[in-house]
Structures are given as C-alpha cells and as structure tokens.
Amino acid sequence: MRLSRGFLPTLKEVPAEAQIASHRLMLRAGLVRQTSAGIYAWLPVGLRVLRNIEQIVREEQNAIGAQEVLMPTVQSSELWKRSGRYDAYGPEMLRIRDRQDRELLYGPTNEEMITDLFGQVIKSYRELPQALYHVQWKFRDELRPRFGVMRGREFFMKDAYSFDASYEDAVATYRRMMLAYLRTFQRLGVRAVPMKADTGPIGGDLSHEFLVLAPTGESGVFFDAALEEQDWLHENVDIADHASLEVFFNGVTRFYAATDEMHDETSWEDVPADRRREGRGIEVGHIFYFGTKYTESMGISVSGPDGAQFFPEMGSYGIGVSRLVGAVIEASHDEAGIIWPDSVAPYRAAILSLKPGDEAVDALCERLYGAAPDAFLYDDRSERAGVKFNDADLMGHPWQMIVGPRGAKEGKVELKRRATGERFELTAEDALAKVLGTDGAGKDAA
RNA sequence: CGGGGCGUGGCGCAGCCUGGUAGCGCGCUUGUUUUGGGUACAAGAGGCCCCCGGUUCGAGUCCGGGCGCCCCGACCA
C-alpha cells in the first residue's frame, strides 16, 4: 500500500475517551474508529491484523480436525426457549423484533444453534466425534463497555463446539483443544497461560481460561514459570492417541496457575520461590467441557452401538479474536507505539522514503515496493523524515526500510528492527531477503 | 444498574460562574522554506456551540426535559 493513497488516519493527539495503551494506540495508528459505545469500525490496517489473527486461529483449529462453519449473527428466540436460556440469559442479550413481531436476538454465543444443527445431521455414534467452529461477530450488551475492542459490546470470536460419544472421548477432545490453544497463542507472539477456571453457571468440571500476560490485565495471575517457557509448537503430541494427550495434559496442568479468584496460598507456597510468577492477565480464550447440558435440554440424542439413544457429551471453546488485537498490543508496545509480532503485523515492513522526488531514492523505493506490494506500506508522502519515523514506530511494523539520498546512491537500504531498534545497512536484495524471510511463526514469542 | 464527569471546526481544549453576535494549539488548503526523528513564515478554508423546549431585547453561557460519550464500582470472551 502506498501511504499517500491509504485510508490510514494516524493521529498525533489522543482522543479523550481512550484510557489504556492499546485503545489509544489503536486509535492513533488508525486501526479502528468507534461508532457507538463498545462498537467499532475496523479500518484497513486494523482489519489486516484481525484477519491475520483469525487465520492463525483457523489453521490451528483445522490442525486438530475441527471443521469450520459459519452460523448467522441473528438467531430465533425459539432455540433459546428450548434450552431454557432465553429467560435465563438476562439483559446482556440484545433482543430484537422483526416486522412480524417475531422475537429474534443478536447472538451472544451459539451453543443452542450448533446443538440444533448437530441434531439435524448426526444420528449415530458412528458419526462421532464432531468438532465444529466458526469465527463470527457476537453481541453482548455489556453494562459498561470499555478499553476499546478489549471490552466491546460487539466482538469477533472463534467459538468451537465438540460432540463426543463418551466422557473419555470428550476429555481427549478437551485436551486436543488445549494444545491447539497453546499453539495458537504462541504463534500469535504472545504468552498465554492456561489457568483452571470456575465452571460458573454453565457447570461441568473441566475448564481453563487462557490469559495473556500484560500489566493492564483485568485479573491478577499467579503461575509457575515453567508455563511460559515451553515450546508448544514443537511439543510432540499424537492427537489421535488418548495416552499421548494425557501425558501432554498432565504436563501442563501439573504446574500451578490461577487467577486471583481461584488463587490458593497453600499450593502457591509449594512452587519454588524463584519460579513464582505474579502479574496481570487478559483473558483471551476459554475452554470447557459441560457434558450433556445442551444435548439433554434440547433433546438431541443419537443411537449408540446397542441401538439405544444417548446424549452426546459436549464442550465449547472460545477465543476472543477482536480482543486479541488489543491484548497483543497491551503485551507488546512501548512509548513510541505498537510493536507487532511478525505473525500478526499488518505489513511486514514500512518503506520510508526520506526524500520523495530524489531520483535515486524514488527508484530504490519503487524497486523495494515492487518486490512485494502487499507486504509493504510505502510511505511516499512528502512529509519530513521525522513524521515518517514517528508514524512507522507508532504503527509498529516489524521492519522499517529506510531509504535516504546518501544510501540510495549506492543502492543501500537501512533496515531497522522495530522490536529491538537494531539497524542494518544492506543492499536492496539483502534487505528484501531479510524482511520477507521472517515468517514469524513463534519467533516473537516473548 | 449505583456514583461522578463531559458534549464548542477533523483531534485536543478555553469561553459558561458574572448572557451582548465564538477563540487557541494541532491537523487541513495554497505559496515560500526545510529535508535523517512531528521545520519555519505568510495567506486561507472549515463551527446546526449534542437535540428539543423555556426565560430574555438578546442564550455557547441561565432553567427544564431528552440523547450521546467517558470514568469509578458491581458484571463479563
């Protein structure tokens, strides 16, 4: 993208409503604009980040055999009356009436819908297990939206739902999902620690939430350092084998990890002092097993090997995709702006033309830009160098390719790594190879 | 939902108490200048002062009602 043509409103001054770093930076870097309380329009750069995160989430869901569907945002109240949640859900649910006065709602979650869909299609234990997910907009009418996209009313979320024939199978599914989550967050360049969670009103007894470590997190967290040191991408787990999954799962859960609500001082004392990590975290994912709660309440059963009907065991698994955009920024920024992990960055690099109009500079910039126009944001504006440096730091591109008149004469580019501030003086070819060579997977994990 | 605050050019704000025909900084436009970390000068454009009603000769300012947004708390992917 040529910046001179981009719909990319960077701000020098911070809008008054933004309180925390990620919100401020998202507005300043031109990622989003608020349209109502807790409702945001995603501008081109913000959308690229959102899509990058979504894609990594999708790949890891697919990798454990979950199948993608896309369910609607608007749902009929009928489904929710069947499960009994229409009355139970409360004012968080946005209720709508259509012109025929039918009761509709903007979905806050999709357990009912997926269970109904499942029931329409799956009739026999032979067709189990099934794991379905979608990535879709949701709406919860929060009393008090805040923190930008981190606590919006409308949000983009991956939610997966699993159906198994037995408790044992459901547990295996749960463990597979935990592995997928650990890998997903690692690829996103953030550290997310799984913590035992309260199963709450939904019930069930297997539940973990994943918290990204960031000083502005809403919950206090206590965990064993071992949990932030593992390389889940290279952890050897056979996801088809229950025993292998169990080894993996025990390997994760044997370490202490709890949010302040679940914190237990006595167990905490058992963690060696030098391995105790205390901080704050932002919840970005939640997995739980809840058994037959919905299959039973909605009357969805399948036939078993003995010919008798039974209720499949379910779990559900969410990742807050839009929230993650904010969470990644919370976990990765400095005074100057965002520091995108390679894997989610909207552009791999900014090309900073320090002297548009200079023949050598223009030629070199065009050559770089032409090599991968979709990967680069080419700052071709006739602005001062300082403006461009500041905007590039603010937007947080992993690399800056700085082209000035001095270097351009010799075909040299100055490469700056945003995260570390390292600078390299390279030929155009070497610079391109270095910048385009970083595919990001896991490389930025802190 | 309880408590607090705010709505004035695109953004950040002053003006309101003590009514008299709207101002500052940034941004934007044009020209000159500058050219490796938000350049300087000059000339411009841009405002239903959130909305409705009331008081008044006169309302951004006072009064009533509404809407919107933010902050603290309770609640949450």
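Note on naming: letters A, B, ... go to the chains in the order of the sequence lines (proteins, then strands), and numbering restarts at 1 for each one. Side chains included, hydrogens not; waters and symmetry mates left out as well; all remaining heavy atoms used.
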Listed by chain and number, what are the side-chain contact (heavy atoms from CB on, under 4.5 Å) partners of [X], not counting sequence neighbours?
| X | value |
| --- | --- |
| A170(A) | D164(A), Y289(A), E313(A) |
| E359(A) | none |
| V14(A) | A18(A), R24(A), R28(A) |
| P15(A) | L11(A), E17(A), L27(A) |

Would you please name every residue forming a ring-ring contact (aromatic ring centres under 6.0 Å, His included) with [X], sequence neighbours left out?
| X | result |
| --- | --- |
| F155(A) | none |
| H134(A) | none |
| F163(A) | F118(A) |

Residues from residues 41-68 of chain A sitting under 4.0 Å of RNA chain B, heavy atoms only?
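Under 4.0 Å from RNA chain B: no residue of residues 41-68 of chain A.
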
Among residues 383-392 of chain A, which ones have heavy-atom contacts with RNA chain B below 4.0 Å?
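Contacts with RNA chain B under 4.0 Å: R384(A), A385(A), G386(A), V387(A), F389(A), N390(A), D391(A).
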
Need one value for G404(A): base, sugar-phosphate or nothing, where a base atom within 4.0 Å counts as base even if backbone is also close, heavy atoms only.
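If one applies the 4.0 Å heavy-atom cut-off, G404(A) turns out to touch a base.
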
Which part of the nucleic acid does G407(A) contact within heavy-atom distance under 4.0 Å: base, sugar-phosphate only, or nothing?
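Result for G407(A) = nothing.
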
Answer yes or no: does a side-chain N or O of R151(A) lie under 4.0 Å from OP1 or OP2 of A77(B)?
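Result: no.
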
Please tabulate, one pair per line, all N/O donor-acceptor pairs under 3.5 Å involving side-chain atoms of residues 144-154 of chain A, not counting sequence neighbours.
from	atom 1	to	atom 2	distance (Å)
R151(A)	NH2	E142(A)	OE1	2.9
R153(A)	NE	A37(A)	O	2.9
R153(A)	NH1	D141(A)	OD1	2.9
R153(A)	NH2	A37(A)	O	3.2

Protein-nucleotides 7-12 of chain B N/O pairs closer than 3.5 Å?
from	atom 1	to	atom 2	distance (Å)
C11(B)	O2	E13(A)	OE1	3.0
G12(B)	OP1	A16(A)	N	2.7

Could you list the protein-to-nucleotides 65-68 of chain B atom pairs, N/O on both sides, closer than 3.5 Å?
none

Does any donor-acceptor pair link the side chain of R423(A) with the base of G37(B) at a separation under 3.5 Å?
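For R423(A), whose side chain was compared with the base of G37(B), there is a donor-acceptor pair (under 3.5 Å).
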
